[in-house]
Amino acid sequence: RPHIRGVMDVHLMIAPVDPYIDAFAKAGADFITAHVEAGPHIHRTLQAIRAAGARPGVALNPGTPVETVAHLLDLVDLVCVMTVNPGFGGQSFIHSQLDKIAALREMIGDREIHIEIDGVVDPMTAPMVARARLPMRWSRARRCSRAARSAILASMAKTSPPSAPPPKTRSGPAKRP
């Protein structure tokens, strides 16, 4: 953690998640995100993440209905929408996830919950992601050339809302803003 100045956002694509929460929190994770499918008791997992001092997030696989997180929104600070299936690279952006993002934004309402995506933000998909009103800092970009990355950021900057400031420091269990 001493070598990282920004937000450490840890997306655990493992099952089970619970045995690893404390280790990632102690390593300095600001956010720890677990998949709904990662264990039988997602409520307990999210509570354990907050108790460990990190801000809890929940991830939705492409085939998981957005309604699955409706009962979790008061427990999370972040929802990650997977725009590819987890587990391997080189996949195509799953366009139906843009509708999921819109429905999620509506469900969240005025709560201070970040939405991020995981998967394939490139020069072709960046304008769609920007139109979905995702802040640039909460979108993950595919590894690409410096020129392509600049084009992605420029495209998103034109239509993205301002990004929420990251948490500055962590002291004690994370509290909801």
Side-chain angles (χ1 to χ4, degrees), residues 4 6-18 20-21 24-25 27-39 41-50 52-89 91-109 111-122 125-126 128-143 152 156 160-161 163-167 174 176-177:
I4 298 174
V7 173
M8 191 184 303
D9 176 3
V10 178
H11 177 174
L12 297 177
M13 296 174 66
I14 58 174
V17 169
D18 294 14
Y20 303 96
I21 292 170
F24 280 101
D30 294 297
F31 288 87
I32 299 176
T33 299
H35 282 253
V36 172
E37 302 87 356
H41 307 292
I42 190 65
H43 288 88
R44 186 180 308 156
T45 298
L46 297 172
Q47 291 164 347
I49 291 169
R50 191 171 303 279
R55 298 174 72 178
V58 65
L60 286 168
N61 286 329
T64 304
V66 70
E67 295 80 15
T68 304
V69 298
H71 64 288
L72 302 173
L73 293 177
D74 290 330
L75 299 173
V76 300
D77 293 330
L78 178 150
V79 179
C80 176
V81 176
M82 299 292 295
T83 57
V84 295
N85 286 297
F88 59 96
Q91 299 178 64
S92 297
F93 186 90
I94 300 173
H95 294 271
S96 63
Q97 299 314 288
L98 294 170
D99 293 334
K100 186 182 285 186
I101 292 165
L104 181 60
R105 183 173 299 291
E106 198 149 314
M107 287 170 61
I108 288 172
R111 295 179 183 112
E112 292 189 30
I113 298 172
H114 301 287
I115 301 173
E116 72 178 15
I117 66 168
D118 187 345
V120 195
V121 178
D122 61 22
T125 60
M128 292 180 276
V129 171
R131 282 191 296 275
R133 297 181 11 223
L134 287 177
M136 285 187 297
R137 90 173 221 77
W138 296 106
S139 301
R140 297 176 180 179
R142 169 185 277 184
R143 287 186 185 156
I152 292 167
M156 291 181 75
S160 264
S163 165
R176 295 250 342 152

Measuring only between side-chain heavy atoms, which start at C-beta, is L75 closer than 4.5 Å to P56?
no

Side chain proximity check, D77 to R50, heavy atoms < 4.5 angstrom
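Yes, side chains in contact.
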
Rounded to the nearest 0.5 Å, what separation is found between the [atom1] atom of [X] and the [atom2] atom of [Y]?
{"X": "L60", "Y": "H35", "atom1": "CG", "atom2": "NE2", "result": "9.0 Å"}
{"X": "T45", "Y": "L12", "atom1": "OG1", "atom2": "CG", "result": "10.0 Å"}
{"X": "N85", "Y": "S92", "atom1": "CG", "atom2": "OG", "result": "11.0 Å"}
{"X": "L73", "Y": "L104", "atom1": "CG", "atom2": "CG", "result": "6.5 Å"}
{"X": "I42", "Y": "Q47", "atom1": "CD1", "atom2": "CD", "result": "10.5 Å"}
{"X": "M82", "Y": "Q91", "atom1": "CE", "atom2": "CD", "result": "8.0 Å"}

Backbone of L78 reached by a side-chain donor or acceptor of E116 within 3.5 Å
no

With a 3.5 Å distance limit and no angle check, can you tell me whether D30 reaches the backbone of D9 through a side-chain donor-acceptor pair?
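Side chain of D30 to backbone of D9, a donor-acceptor pair under 3.5 Å: no, none is there.
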
Applying side chain to side chain contact (heavy atoms under 4.5 Å, CB included), can you list everything that pairs with T83, at least two apart in sequence or on another chain?
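Side chain to side chain contact (heavy atoms under 4.5 Å, CB included) list for T83, sorted by chain: F93, Q97, I117.
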
Holding to side chain to side chain contact (heavy atoms under 4.5 Å, CB included), I want the full list of residues that pass it with A48, two or more places apart in sequence or in another chain.
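Testing A48 for side chain to side chain contact (heavy atoms under 4.5 Å, CB included), a comparison that skips the adjacent residues, returns I21.
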
With D99, which residues qualify under side chain to side chain donor-acceptor pair (under 3.5 Å), at least two apart?
none

Heavy-atom closest contact ([X] atom, [Y] atom, distance):
{"X": "A52", "Y": "A25", "result": "O-CB, 3.5 Å"}
{"X": "A59", "Y": "E37", "result": "O-OE1, 4.5 Å"}
{"X": "G119", "Y": "V84", "result": "CA-CG2, 3.9 Å"}
{"X": "G87", "Y": "M13", "result": "N-CE, 3.9 Å"}
{"X": "T64", "Y": "K100", "result": "O-NZ, 2.6 Å"}
{"X": "I14", "Y": "A38", "result": "O-CB, 3.5 Å"}

Under 30°, 30 to 60°, or over 60°: which ring-plane class applies to H71 and H43, parallel, tilted or perpendicular?
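H71 and H43: tilted rings.
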
